[in-house]
Number of protein chains: 2
Amino acid sequence: MTSVESTLALHLKNAGFSLTEPRLKVFKALQDDGPLSMQELYSRVSSINRTTVYRVIELFEELKIAQRVAKGWKYHLELTDDFIPHHHHFTCTNCHKTISFDEPKSFDVMLETVANHNGFLPTAHTLEIEGLCSDCRVLA
Amino acid sequence: MTSVESTLALHLKNAGFSLTEPRLKVFKALQDDGPLSMQELYSRVSSINRTTVYRVIELFEELKIAQRVAKGWKYHLELTDDFIPHHHHFTCTNCHKTISFDEPKSFDVMLETVANHNGFLPTAHTLEIEGLCSDCRVLA
DNA sequence: ATGAAAATTGCAACAAAGTTGCAAAAATCT
DNA sequence: AGATTTTTGCAACTTTGTTGCAATTTTCAT
């Protein structure tokens, strides 16, 4: 068992769940292949029943192991900040690849300003940028 | 015909489409009742066939009259910046209401910094914030 | 204004995405 | 090892979104 797997096992055990093959496979797919659509995820673990995949994701969301993040107007599945550092996404409108980037330092300040101004208490946020990636802007 | 309707008519005519009742009704629903889920939109224009609503939205997206924006892991339909000024959304995790807020001035600077640093050319972006609204943070 | 041509809508059937109940299989706990 | 609990897979179903085609509406030239 690798260190990541034992971290996963711990998260599950702490909440009273066991580390089963479907759960491990889904976790590994998300870890190795990054943000995935439900389709992509399902095709990568196709030995596992569709219902089970949905249920694993449901559980992972409850336990904050994985989360759904907006991609355009659909969504992607991704491990939470406990497993990969907090970041945002850029998606190329030409080649459709997704690039992750760190959150800018100035973001926090801005977020606080906005929150104060509107009276709300932020607990989570998403920032998604769309455009041409470095490769595609040369060609186009 | 009001001024907004004639603007809509113009958008459609310019692209070779006519202003029909289904198109006008969908437009008005989005204009009057803000960001709506497909369900909400459909129930507000229920005299119109479901297929037609989907086709109107498809057309509106092509002509940049309306757009889908991510809301959690579903999506909302909303008029584009041509009809309502550019803004972002805050969604309360308690009462689920959505509040629109203007884009902070510092956002542009931050966006440019990020873009330069990563070599991409941004053409669109979304910023969604989640948390407790001013009403709910008092109660909770 | 009227009729032919083109665009638009509604219907029905379908495809895809997501959910639920239940019995079989696997994991857990003495 | 055996009883108990949890987890999985299957089948049936609901919801969401799509497609082809005939009927209706709009457009445009006369």
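Chain letters run A, B, ... following the sequence lines, proteins first, then strands; residues in each count from 1.
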Just the rounded figure in Å: distance from [atom2] of [N] to [atom1] of [X].
X: A:Ile48; N: D:dT7; atom1: CD1; atom2: P; answer: 15 Å
X: A:Leu77; N: C:dA17; atom1: CG; atom2: P; answer: 13 Å
X: A:Leu19; N: C:dA27; atom1: CG; atom2: C1'; answer: 11 Å
X: B:Ile57; N: C:dT9; atom1: CD1; atom2: P; answer: 12 Å
X: A:Lys13; N: D:dT5; atom1: NZ; atom2: P; answer: 19 Å
X: A:Arg50; N: D:dT7; atom1: CZ; atom2: C1'; answer: 18 Å
X: A:Arg55; N: C:dT20; atom1: CZ; atom2: C1'; answer: 8 Å

Identify, residue by residue, the members of residues 23-42 of chain B with a heavy atom below 4.0 Å from DNA chain C, and return them in order of residue number, or none.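 Listed by number, they are B:Arg23.
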
Could you check whether any side-chain N or O of B:Arg50 sits under 3.5 Å from a backbone N or O of B:Tyr42, counting only pairs where one atom can act as donor and the other as acceptor?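 No, the answer is negative, given that no donor and acceptor are paired below the 3.5 Å cut-off.
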
OP1, OP2 of [N] versus side-chain N and O of [X]: anything below 4.0 Å?
X: A:Ser18; N: D:dT7; result: yes
X: B:Asn49; N: C:dT9; result: no
X: A:Thr51; N: C:dG18; result: no

Quantify the bending of the helix from C:dA1-D:dT30 to C:dT30-D:dA1 as the angle between its end axes, each fitted on five pairs, to 10°.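 The helix from C:dA1-D:dT30 to C:dT30-D:dA1 shows an end-to-end axis angle of 40°.
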
With the 4.5 Å side-chain cut-off for hydrophobic clustering, are A:Leu41 and A:Ile84 part of the same group?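 Looking at the clustering, A:Ile84 is in the same group as A:Leu41.
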
If you assign A:Trp73 and B:Thr20 each to the DNA chain D nucleotide with the nearest heavy atom, which residue ends up on the more 5' nucleotide?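 Closest to the 5' end, via its nearest nucleotide, is A:Trp73.
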
On DNA chain D, does the nearest nucleotide to B:Tyr54 precede the nearest nucleotide to A:Phe17 from the 5' side, or the other way round? Give the residue.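 By nearest-heavy-atom nucleotide position, the 5'-most residue is A:Phe17.
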
Give every donor-acceptor pair under 3.5 Å between a side-chain atom in residues 52-66 of chain A and any protein atom, sequence neighbours left out.
| from | atom 1 | to | atom 2 | distance (Å) |
| --- | --- | --- | --- | --- |
| A:Glu61 | OE1 | A:Arg68 | NE | 3.1 |
| A:Glu61 | OE1 | A:Arg68 | NH2 | 3.3 |
| A:Glu61 | OE2 | A:Arg68 | NE | 3.3 |

Measure the shortest side-chain to side-chain distance between B:Cys133 and B:Cys136 over non-hydrogen atoms and say whether it is less than 4.5 angstrom.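 A side-chain contact exists here, since the closest heavy-atom pair is under 4.5 Å.
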
In this structure, which one of A:Phe17, A:Phe27, A:Phe83 forms a ring-ring contact (aromatic ring centres under 6.0 Å, His included) with A:His11?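 Only match with A:His11 under ring-ring contact (aromatic ring centres under 6.0 Å, His included): A:Phe83.
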
